[in-house]
Amino acid sequence: MNPFNDEYFMRKALDEAQTAFEKDEVPVGAVIVYKNKIIARGHNLCEKLIDFTAHAEMQVFTSASYYLQSKYLNECKLYVTLEPCVMCAGASFWTRIGEIVYGTSDPKRGFKKTNPSIVHPSTKVKGPVLEHECSQILKRFFNAKR
């Protein structure tokens with residue numbers, strides 16, 4: 001059995017979400033995988049950078065592109081703990097990411113509700129993966145804020 005499966009990589013994204021949680025950022029984490037190797041890790045940095053575009057996905061798109069020295073990520077997989085918003089899904093279109101694997105759905109702001117065809121036609125979308133764990137960290141964060 002391959003230890004490098006979707007659950008393994010989603011747990012790595014959850015580690016990033018935990019880092020965001022500890023920094024008082026909305027706890028969303030992401031990793032990008034290329035040939036079973038994590039080439040980019042990131043989490044939300046909107047508060048620290050005072051920038052609403054500093055989502056976890058945007059952080060890892062930039063990092064992975066730099067690592068590969070290519071703006072195209074068609075041979076990569078994005079693992080993200082929360083279904084991407086329209087902005088991040090739109091950015092994924094331009095990267096031509098090979099696959100998006102998300103942890104939990106976002107019924108209010110997720111791209112699937114708003115515009116499911118915004119991702120590149122060749123991008124596969126899979127989810128939810130480790131839905132309970134991914135939704136729990138968000139619930140803990142927002143419950144603490146109330």
Side-chain angles (χ1 to χ4, degrees), residues 4-142 145:
F4 301 114
N5 57 26
D6 290 339
E7 289 80 17
Y8 173 84
F9 290 116
M10 189 60 71
R11 289 192 192 290
K12 299 302 180 184
L14 272 164
D15 290 345
E16 289 296 319
Q18 182 61 40
T19 299
F21 185 95
E22 291 164 7
K23 293 179 178 180
D24 204 29
E25 297 275 357
V26 174
V28 177
V31 298
I32 290 186
V33 175
Y34 174 71
K35 296 183 179 178
N36 275 336
K37 178 183 177 188
I38 295 173
I39 62 167
R41 300 170 186 270
H43 51 271
N44 277 0
L45 290 172
C46 298
E47 300 301 322
K48 179 180 181 180
L49 298 179
I50 313 168
D51 179 359
F52 279 109
T53 68
H55 289 191
E57 299 95 325
M58 304 301 268
Q59 304 303 310
V60 294
F61 289 151
T62 300
S63 184
S65 292
Y66 183 78
Y67 178 88
L68 293 174
Q69 290 295 291
S70 174
K71 60 185 179 180
Y72 299 116
L73 303 175
N74 52 302
E75 295 182 43
C76 299
K77 280 187 175 185
L78 165 68
Y79 290 86
V80 61
T81 57
L82 180 65
E83 175 190 343
C85 70
V86 173
M87 176 185 70
C88 293
S92 81
F93 177 94
W94 296 107
T95 70
R96 299 182 188 174
I97 193 88
E99 187 171 354
I100 297 170
V101 182
Y102 66 89
T104 190
S105 297
D106 186 347
K108 291 182 182 175
R109 294 182 183 88
F111 82 93
K112 289 172 57 183
K113 176 184 172 150
T114 311
N115 187 354
S117 63
I118 198 169
V119 297
H120 196 275
S122 63
T123 299
K124 297 177 193 160
V125 178
K126 180 180 181 182
V129 172
L130 297 181
E131 182 175 25
H132 178 74
E133 293 92 327
C134 293
S135 66
Q136 283 304 113
I137 192 167
L138 287 161
K139 287 176 184 171
R140 278 194 353 248
F141 179 81
F142 287 111
K145 294 286 179 193

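Bear in mind that the values here come from a model prediction, so they are computed numbers and not experimental data. Because only heavy atoms are used, hydrogens play no part in the values below, and waters and symmetry mates are left out as well, while side chains stay in. Index from 1, following the sequence.
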[X]: which residues meet the side chain to side chain donor-acceptor pair (under 3.5 Å) condition with it, sequence neighbours left out?
X: Asn36; answer: none
X: Lys126; answer: Asp6
X: Asp24; answer: Lys145
X: Asn74; answer: none

Subject >> Qualifying residues under salt bridge (Lys or Arg N to Asp or Glu O under 4.0 Å), relative to Glu133, sequence neighbours excluded >> reply: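 Glu133 satisfies salt bridge (Lys or Arg N to Asp or Glu O under 4.0 Å) with Arg11 only.
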
Original post:
Can you name the salt bridge (Lys or Arg N to Asp or Glu O under 4.0 Å) partners of Glu25, sequence neighbours left out?
Top reply: none

Any sub-3.5 Å donor-acceptor pair from [X]'s side-chain atoms to [Y]'s backbone N or O?
X: Thr95; Y: Ile97; value: yes
X: Glu83; Y: Lys112; value: yes
X: Thr123; Y: Gly98; value: no

How many angstroms lie between atom [atom1] of [X] and atom [atom2] of [Y], to the nearest 0.5 angstrom?
X: Leu45; Y: Thr53; atom1: CG; atom2: OG1; result: 10.5 Å
X: Glu47; Y: Phe52; atom1: CD; atom2: CZ; result: 7.0 Å
X: Cys76; Y: Ile38; atom1: SG; atom2: CD1; result: 12.0 Å
X: Ile137; Y: Thr81; atom1: CD1; atom2: OG1; result: 7.5 Å
X: Ile32; Y: Thr62; atom1: CD1; atom2: OG1; result: 9.0 Å
X: Gln59; Y: Leu49; atom1: CD; atom2: CG; result: 6.5 Å

Original post:
Which residue pairs pass the ring pair (Phe, Tyr, Trp, His ring centres under 6.0 Å) test when at least one of the two sits in residues 82-134, sequence neighbours left out?
Top reply: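 Output for this query lists Phe93-His120.
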
**OP:** Sequence neighbours left out, what pairs pass ring pair (Phe, Tyr, Trp, His ring centres under 6.0 Å) with at least one residue falling in residues 57-85?
**Re:**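 Passing the test, one end in residues 57-85: Phe9-Tyr79.
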
Original post:
Under the side chain to side chain contact (heavy atoms under 4.5 Å, CB included) criterion, do Leu138 and Val26 qualify, and how do the steps go?
Top reply: CA-CA 7 Å; Leu138 287 161; Val26 174; 4.0 Å; yes

With a cut-off of 3.5 Å and sequence neighbours excluded, list every side-chain donor-acceptor pair involving residues 12-20.
{"residue": "Glu16", "atom": "OE1", "partner": "His43", "partner atom": "ND1", "Å": "2.8"}
{"residue": "Gln18", "atom": "NE2", "partner": "Glu22", "partner atom": "OE2", "Å": "3.1"}
{"residue": "Thr19", "atom": "OG1", "partner": "Asp15", "partner atom": "O", "Å": "3.2"}

Subject >> Residues which pass side-chain contact (heavy atoms from CB on, under 4.5 Å) with Ser135, listed by chain and number, not counting sequence neighbours >> reply: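 Expected list: Thr104, Lys139.
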
**OP:** Return the set of residues passing side-chain contact (heavy atoms from CB on, under 4.5 Å) with Ala56 (not counting sequence neighbours), or none when no residue passes.
**Re:** Val28, Ala30, Asn44

Original post:
Do the side chains of Ser92 and Leu78 get nearer than 4.5 Å, heavy atoms only?
Top reply: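 They are not in side-chain contact.
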
Subject >> Greater than 12 external heavy atoms within 6.0 Å of Arg140's CZ >> reply: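 Atom CZ in Arg140 is packed in, count exceeds 12.
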
All N/O donor-acceptor pairs, side-chain side in residues 84-91, below 3.5 Å, sequence neighbours left out:
none

Subject >> Short N-O contact, Glu99 and Lys77, less than 4.0 angstrom >> reply: yes

Subject >> Residue pair Lys108, Lys113: steps toward the side chain to side chain contact (heavy atoms under 4.5 Å, CB included) verdict >> reply: CA-CA 8 Å; Lys108 291 182 182 175; Lys113 176 184 172 150; over 6 Å; no

